[in-house]
Amino acid sequence: MNRSLLFIPGNAPKMLNNCDVFGADGLILDLEDSVPFEEKDAARILVRNALGNLRDAECELTVRVNSKDTEYFNDDIREIVPMKPAALVVPKVSTTEDVQQYDNAISEIERLNGIAEGTIKFYALIETALSILHLEEIVAHDRIAGIILGTGDLGIDLHIKRTKEEHEFLYVRSKMVAAARAYGKRCYDTPHLLVHDLEDLEKQVKIAVNLGFSGKAAIHPKQIPYINEYFSPTEEEIKRAQAILDSLEEAKSNGKAAKMVDGIIVDNANIRAAKEILGIKE
Amino acid sequence: MRSSKVVGSLEEVIKLTGLRDGMTISFHHAFRNGDYVLNLVTQKIAEMGFHDIRINATGVYDIHKPVIELMKKHIITGLETNYMMGGFGKGITEGACDTPVIFRSHGGRDAALFEGDTHVDVAFIAASTCDEMGNCNGTHGPSAFGALAYAKIDALKADKVVIVTDNLVPYPTIGISIPETLVDYVVQVDCIGDPNGIMSGPLSATADPVTTVISKMATDVIEATGLLKEGFAFQTGGGKPSVMVAKFLKEKMLKGGIQGSYIMGGVGKSHVDLLNSGCFRTIMDVQSFDLEGIKSVRENPADQEISIYQYASPSAKSCVSDGLDVTVVGATQIDTDFNINVHTNSFGYIIGGSGGHNDICMGAKVALAVAPLVRSRVPIVVDKVVTVSTPGEYVDILVTQRGVAVNPRRPELKEQLIDNGIKVKSIEELKEMAYSISGVPAPLVTTDIPVAYVNFRKDQLVSTIYKPIL
Amino acid sequence: MEKMYGSAGFFASDDAQVTVEIGAEKKGIEIKSKVSKLFNAQIEGAVKDILDKFNIKDAYVLIEDRGALDYVLRARIEAAVIRALASRKEGDEV
């Protein structure tokens, strides 16, 4: 399951101790924006140890490192990469060159630690105007497992005047979904910053689902149940998916072509969608 | 013609009661950490030169810490209680009292008095409204605190009964919780207590994320027991997890159109909410936890004040706690036998007491304990609790943020939960998990000097609390 | 040998403030913790392990702990040691 990605401040032992019980499918242990400059060194060691402590957790473990343009980046990856998190969340990615530079840096550490190059994947944070123009090449890169929208920084870069409905991000969101889906990568909607407005969160989650996102990031555990619920297929969808595959089986055994189920044509696209809903890998 | 029972001063009334060295005085704890009466009376007793006085108080709180000093001077030499807050508990644990404290549950203390196992010479009963003949209540007046449930047995069984009030009203008062028939004297003081001191625990329902996870799971478990249906009878306390469970339960009950029969008090905002939203028909009320609770028992006929005798006494022909479907309780520790500790922390210091814990765990069809697996490195699930408060045979389920365990004594309950989608682990598994997170704790070593005896309910000795090595 | 000093972590719930002094007269491990009755051995063990890892003898380590789990404590000790060692480097540059 890859519906929810929960940010955890990297210098907060209390949160790190229990971050795996909130039902999030993935965790982002953060060394970047949630950690003040004077604590970067301590946080990186704490997160390194936390990764060891969480090794049996059932969720995907990722770490947001500081940008490669900062003085913290090299120490971050030197400590974190050997712990083999599933992915690094790389900030301020604007072009494929940025991804390649991250790739080169991580490859070296993987080499030095006897880890097969390319093992650790990237989630690229889409938070600059330039990144919107380069989405296709960013998602095409092998290291990229997915992209995460960050409307906080992106809104500033685009000079957007934010409204509650967030219509102003519609183009950005749709383009991200198109790019990610074209290359079979995941796309996560932005974390909902009004933490205590759960009614608005629910609205935004439904919009993200409708737009085609594969999941949504979160900054507070109480957001997780809403994200997981709406990004999970409904009972009805599961039944219909099963019905589509059943009719395909039935048609095969009768030597006929499958036709329609519930008004849905049983064609390749719908068969693929049905398998995805049922979690069947190709 | 008859004369008023009102006496001019505390000193005078103490003389009139015939109090002597060696006697026992009693108090109720409806004011919790806002009570003034226990201190007023004991300070006066000290001034008047008494020694060797025993206290029987249904609960003692940090506000009563001056009594620790009186104990060191041998003015107070014994204490029987159902609950002891941590600041007071430190003094007792470190040996301030000449004789070991005797702990009972609320129902057990009531039964002990009823049956004459223990005796009160003079009861000092705080009441927020009282008339000159002693008809009184706790629900009306500027210092209203809620039901006068705990003191009803004292009024019945004590040799002398003194009502202490700060609100004397013309005879007869309206709202009679304790009738004049049982009262010897009435004395007026400036203030009997601070209703704001009643509120302990959370004022708002926002809990930390881990408590939310535990409370949600506990509510799902309650639903999975199959008991959450029309006529559901429920009890939960005033702490953070309890408040959250009440909130989640309300959502489920409203969604399912379920109306429960009763909730048992102590009563705070979240319980009142359950009543007012139609989720339950009535509250059986013995205590208020906050101002909302006080208002409710005063103004809503469906929020009914009852006695502790009816609430939880094993001596009664029947009692409310025996009709419970589910109770949600806390624990400072729970061991692999499901024994629960609510008297001491993991270091052997007294920080609580049964209160109603014993009675409701025994009475309920399902007793569900909620706790985090580890609290600031201290494991909650352990091999053996430091103090047994409620024996494991009365505890059915443990819910933590890392798993749910069912007492092996209840295999059918375990099946029921599994069939309804709850993942169940063994209690040993949870203990191993706790120890792997915290480390294996060194065993606690104490002296062999007893500072308290813990009775399950009335008189079944389940634990002795020893003085730590200081 | 010049005095080196480093401190990391916070005296907050579930965390520990660790102070490391190398080259001072004070030596040894001082533990101030609510849970020392239960976990003193483990806390001392964590300090010794980290000091060994950095090959430091003769240090004074003060742990002011509020229930930090082992992995947190070790991270804080390590960060304090690294900051202490860095403080010497800074001294040299002047």
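Values below: every heavy atom of this structure, side chains too, minus hydrogens, waters and symmetry copies. To find a chain, count down the sequence lines: A is the first, B the second, and so on, and within it residues start at 1.
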Tell me, for A:N53 versus chain C, whether the close heavy atoms (under 4.5 Å) come from the side chain, the backbone, both or neither.
-> side chain

Sidechain N-carboxylate O distance under 4.0 Å for A:D69, A:K92 | no

Is it the backbone or the side chain of A:A12 that comes under 4.5 Å from a heavy atom of chain C, or both, or neither?
-> neither

Closest heavy-atom pair, A:V99 versus A:F122, reported as atoms and distance to 0.1 Å, is O-CE1, 4.0 Å

Structural part of A:R48 lying under 4.5 Å from a heavy atom of chain C | side chain

Non-hydrogen atoms of A:F7 and A:P191 that approach each other most closely = CE1-CG, 4.2 Å

Can a salt bridge be assigned to the pair A:K203 and A:E199 using a cut-off of 4.0 Å between side-chain N and carboxylate O?
-> no

